[in-house]
Amino acid sequence: MEKPFIKLEDVSFSYESGEEGPVKMLLPPILKRINLEIARGSFVAILGHNGSGKSTLAKLLNLILFPTEGKIYLDGKDITDENMTEDDVYVVRRKIGMVFQNPDNQLVATVVEEDVAFGPENLGVEPAEIRRRVDRALETVGMSEFKKHSPHQLSGGQKQRVAIAGIIAMLPECIVFDESTAMLDPKGRKEVMDTIVRLNREKGITVLHITHNMEEAFRADRVIVISDGEISLDGTPREVFSNVGKLRTVGLDVPQVTELLYELKSMGYDEVDYTETDEEKCAEMLAEIIKSQKGR
Amino acid sequence: MNALELKDITYTYSKKTPFESKALDGVNAFFEQGKVNGLIGHTGSGKSTLVQMMNGLLKPDIGQVVLLGKDIWEEPKKIRQIRFQCGLVFQYPEYQLFEETCEKDIAFGPKNMGLSEDEIRERVRSAAEFVGLDSTLLKKSPFELSGGQKRRVALAGVMAMEPSVLVLDEPAAGLDPIGRTEIFGGIRGYQRAKGNTVIIVSHSMEDVAEYCDNLTVLKNGRVLLSGSTGEVFRHEKELVSSGLGVPQITRFMRLLRERGVECADNIYTVEEALREVKRLLEERRGENA
Ligand SMILES: Nc1ncnc2c1ncn2[C@@H]1O[C@H](COP(=O)(O)OP(=O)(O)OP(=O)(O)O)[C@@H](O)[C@H]1O
Ligand SMILES: Nc1ncnc2c1ncn2[C@@H]1O[C@H](COP(=O)(O)OP(=O)(O)OP(=O)(O)O)[C@@H](O)[C@H]1O
Ligand SMILES: [Mg+2]
Ligand SMILES: [Mg+2]
């Protein structure tokens with residue numbers, strides 16, 4: 001069997017208390033002995049209540065944070081090894097790109113196209129190739145017409161698209177999207193999701209998608225639910241969303257259609273299969289049930 | 001009656017530069033007194049720009065902003081006073097918390113209004129209650145709170161001024177489902193208790209369907225549609241072609257209709273859908289009996 005692309009072994013993490021002093025105090029752990037393997041090319045959605053540790057997990061993968069305990073392997077190599085050099089860290093960040101939660105924190109240049117070029121430039125890509133990548137990335141996110149604009153003059157959702165283009169232009173092997181769709185309108189969300197799915201399916205890029213939107217999680221091939229620093233559910237969208245009760249106890253929800261079907265089932269309509277994830281098929285099923293009531 | 005009227009508003013950013021962009025183009029929008037009014041529109045449609053017109057942070061190039069029957073630019077020197085009457089909570093307001101404790105942060109607005117100590121204390125207590133902030137949290141520094149808790153502090157800070165019109169730009173973005181329900185519940189509670197007007201900007205069709213009485217839809221700096229939430233959501237095609245949509249459950253009920261189920265075409269929440277489907281199932285049973 002192929003070795004996992006990313007592997008976490010008993011990873012725990014605590015922030016240090018901010019207080020000044022000779023002894024750094026560790027705060028209570030945010031992540032608790034996480035064990036997780038992610039296959040190359042997979043599309044994983046990560047869900048969890050506010051403060052459950054999702055962004056912390058993402059920052060560990062990108063070596064912005066360092067585990068308090070445990071090990072993280074990337075392509076079989078221990079990236080938490082003490083002997084990691086700066087070059088090694090650089091290689092990790094080149095493989096795993098990250099789009100942060102708030103776009104204001106990651107737009108660096110004064111012109112949109114320069115901002116998108118910033119990443120590839122740092123990777124030492126040739127100018128002609130940079131040009132091509134920047135144009136394609138901006139086209140992918142639908143922001144070509146804004147390429148000469150200043151990022152500060154963009155609306156919230158437009159900034160988010162530029163931030164995504166900046167990561168795409170680096171052609172990483174894996175992209176972590178930390179609530180990258182939170183500020184987009186429904187069409188923008190769908191377009192960005194389509195883009196993410198395409199990057200995954202066509203380019204084989206491994207995707208970790210952190211989101212509060214349950215419908216988006218349906219498009220992943222695996223869903224992981226984090227609750228209070230532990231993995232509480234892990235499986236296909238169908239498997240995970242069939243645990244409606246458990247999802248609710250960890251502060252999450254299910255898509256509206258699933259909720260409707262689940263409630264019907266709880267009311268005794270046993271033919272209802274609320275684990276169906278395709279909207280059209282759900283409609284098909286419910287229409288049949290309603291019509292067949294007649295024949296009883 | 002309208003608490004706020006925006007009349008024929010036009011606004012252009014970066015005038016006389018190559019990046020000149022007309023963000024609002026002849027917008028007429030009316031927000032009903034005592035209601036929860038939603039403002040929706042695609043990315044870059046002008047929502048945040050419009051919202052900043054409401055309390056005088058931006059001045060329209062052309063047009064009038066009439067708040068409680070009065071043109072807010074009639075006396076430009078008094079424009080700061082307008083912010084007590086029309087309180088604005090920005091997109092991601094938690095980045096603007098700055099006091100040592102949450103209590104002081106929430107008290108900041110009422111203090112600036114020149115209220116007495118007692119009144120300030122009462123305002124802070126009541127605002128914290130609306131947003132569901134525990135009193136033990138009030139003594140903490142905002143920096144020790146989770147994202148959702150910070151959002152509540154920021155919201156309580158504006159509520160504590162008890163503005164006649166409370167404007168919220170994406171109040172639930174980034175919150176988990178429970179956090180969303182609680183924040184919207186708090187906003188509803190405030191609106192009911194005070195009878196004040198609320199304006200909510202949102203990208204979630206599900207949320208506006210659940211919590212707003214009226215909707216105004218922006219498209220490329222113009223008003224595309226406005227009316228009661230039910231009326232606006234009847235225009236699924238127009239909404240979709242403008243980068244928006246209808247709630248998932250509304251779309252689903254349409255799919256049922258397309259499959260020959262005779263269900264109502266004005267369903268916008270799961271609760272309504274459940275009632276309707278139950279009715280259909282029972283009706284069928286009844287026919288057979
Ligand atoms: N720099 C920090 N110092 C101390 N505690 C922190 C720091 N950053 C985050 N925390 C705490 O760690 C916990 C997990 O935070 P994290 O940002 O990983 O959550 P999250 O799952 O991404 O939440 P959200 O959905 O709100 O983005 C929270 O309780 C948070 O308050
Ligand atoms: N400071 C600015 N300078 C120049 N143009 C701007 C500025 N702020 C916004 N714009 C432009 O004005 C238009 C409207 O922006 P606005 O922020 O009002 O949109 P929005 O509807 O709030 O979008 P979003 O949903 O993404 O927050 C956009 O095309 C944007 O690029
Ligand atoms: Mg986070
Ligand atoms: Mg905005």
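Residue numbers begin at 1 in each chain, while the letters A, B, ... track the order of the sequences.
At a 4.5 Å heavy-atom cutoff, the contact between B:Gln91 and chain A is made by side-chain atoms alone. Only the side chain of A:Glu179 comes within contact range of chain B, with at least one heavy atom under 4.5 Å from a heavy atom of that chain. Proximity to chain B (any heavy atom under 4.5 Å) is shown, for A:Glu280, by both the backbone and the side chain. Contact of B:Pro247 with chain A is made through backbone and side chain together, with heavy-atom distances under 4.5 Å. The part of B:Ser14 that comes within reach of chain A is its side chain, from C-beta onward, which places non-hydrogen atoms under 4.5 angstrom from that chain. Of the two parts of A:Glu288, neither the backbone nor the side chain holds a non-hydrogen atom closer than 4.5 Å to a non-hydrogen atom of chain B. Heavy-atom distances place no part of A:Lys190 under 4.5 Å from chain B, backbone and side chain included.
Among the candidates A:Leu184, A:Leu154, A:Leu264, the residue making the largest number of heavy-atom pairs closer than 4.5 Å to chain B is A:Leu184. Chain A forms the most heavy-atom pairs under 4.5 Å with one residue out of B:Met205, B:Lys278, B:Glu170, B:Arg251, and that residue is B:Arg251. Contact tally against chain A (heavy-atom pairs below 4.5 Å) for B:Val270, B:Val240, B:Val277, B:Ile178: the top residue is B:Val270. Of the residues considered (A:Arg248, A:Glu284, A:Arg161, A:Glu191), A:Glu284 shows the highest number of contacts with chain B, using heavy-atom pairs under 4.5 Å. Listed options A:Asn213, A:Leu286, A:Asp253, A:Asn50 were ranked by heavy-atom pairs under 4.5 angstrom with chain B; first place goes to A:Asn50. The candidate with the highest count of non-hydrogen atom pairs below 4.5 Å against chain A, out of B:Leu239, B:Ile40, B:Leu274, is B:Leu274. The choice from B:Gly44, B:Ala173, B:Gly174 that makes the most heavy-atom pairs within less than 4.5 Å of chain A is B:Gly174. Between chain A and the options B:His42, B:Glu271, B:Gln248, the largest number of non-hydrogen pairs under 4.5 Å is found for B:Gln248.
Residues A:Thr211 and A:Leu47 share a closest heavy-atom pair of O-CD2, 3.3 Å. Residues B:Pro60 and B:Tyr11 come closest through the heavy atom pair CA-CD1, 4.3 Å. Closest of all the heavy-atom pairs between B:Leu97 and B:Lys150 is CD1-O, 3.7 Å.
Considering CG of A:Leu252 and OG of A:Ser52, their distance stands at 8.0 Å, rounded to 0.5 Å.
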Please report the C-alpha distance between A:Asp194 and A:Arg219 in whole Å, then the side-chain angles of each, then the deciding distance to 0.1 Å, and finally whether the salt bridge (charged side-chain N to carboxylate O under 4.0 Å, His left out) criterion is met.
CA-CA 9 Å; A:Asp194 289 347; A:Arg219 299 188 64 176; 2.8 Å; yes
Which is it for B:Arg234 and B:Glu231 under the salt bridge (charged side-chain N to carboxylate O under 4.0 Å, His left out) test, yes or no, and what are the steps along the way?
CA-CA 5 Å; B:Arg234 280 180 182 270; B:Glu231 279 159 25; over 6 Å; no
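With respect to the salt-bridge test (charged N to carboxylate O, under 4.0 angstrom), the residues B:Arg254 and B:Glu258 qualify. No salt bridge links A:Glu271 with A:Lys265; every basic N to acidic carboxylate O contact stays at or beyond 4.0 Å.
A cation-pi arrangement is absent between B:Lys140 and B:Phe143, since the terminal nitrogen or guanidinium carbon is not both under 6.0 Å from the aromatic centre and inside a 45° cone about the axis.
Between the side chains of B:Thr10 and B:Asp61, no donor-acceptor pair is found at a separation under 3.5 Å.
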